[in-house]
Amino acid sequence: MVMPEILGKTGSARVVDLFANSNSPYTPSYAIYENDQLARVALFNYMEDPSGANTYTASIQVGGGETGQPSTTPQTVKVK
Amino acid sequence: MPARLWLSPLKSKRYIFFVHGVLLNRCSYPDNNCAALYEGLGTPVNPQDVFPNYLTHNSGLGIVQKLLNSTSIAQQYQKEFIMFETNSASCGGFRGISNVYGISLWGLDYGLQMAYSNFSHALFHVGGQDVYYNVSISSYVRVTMILRTIHSPSFVSFSQNDSLSPLLIALHSSSDEPVKLPPVDCWSDLLPCYGHARDSRQDWLCSRR
């Protein structure tokens, strides 16, 4: 049920493993591109910690780095 | 699965299917619960001992790792590459792992890793109160019977000592309609099969163990 939401309805989804958080095995994340545009980011946290010590805040940057595009941050995001 | 096995007979076909597993078991599962169901398979696994193995990005990475050469070949020949029967544990799964929220995270992570690794489709095998195989029973029966018939030594000869010796079986449907290839359950250690469909033919590449 969740996977179709992640991959979207266009049939054009391409997925990249971001190896986020210094390639942490417990907080993987993926970027999903549809029609070559960034559509969604899937963020995982395998750790259940009521203390909150393993909660993380994701910073999402589009472009920058080696992309040759200016770095931007989305103004708004919809979280599911 | 050695990537070289894909090269010669399959590159002209439309699809490449991957049926047989590469890890511990007959299918593409990272673990199995068979010892809990069948005698003589050793001590049953305590699910809580292995649950941490699933709650990590490294699980999905490890499953696809051995298939990256194969998906690369599929891409090179512009073929789809399908992961056949797969999920958390064969022989019905682990109670307390295969039916809990954490395995949903695992399944999504594993599925996205397959997408990233150039798999075209994956067949997540599901169950409920019991395990079931193949939605289309009639197709399963037909495939089973045909494969068992052709598998007989009187029909086909192949080297029994070479586990990588491929056996190509051609199956023909009775109509010209495209054949929807039914998933072949991993019901036989003796005949792990890779198959593909083109028009009204189903061709299976089976490796005798």
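Reminder, nothing fancy here: chain letters follow the sequence lines and each chain counts from 1.
- Nearest heavy-atom pair across B/His57 and A/Tyr46 is N-CE1, 3.6 Å.
- Results of the side-chain contact (heavy atoms from CB on, under 4.5 Å) test with B/Tyr116 over A/Asp17, A/Leu18, A/Ile32 single out A/Asp17 as the only residue that passes.
- The nearest pair of heavy atoms linking A/Asn45 to B/Leu105 is O-CD1, 3.7 Å.
- By the 4.5 Å heavy-atom criterion applied to side chains, B/Leu112 and A/Met3 are counted as neighbours.
- When heavy atoms are compared at a cutoff of 4.5 Å, A/Ala13 does not approach chain B at all.
- From B/Asn58, atom CG reaches atom OH of A/Tyr26 across 7.5 Å, with rounding to the nearest 0.5 Å.
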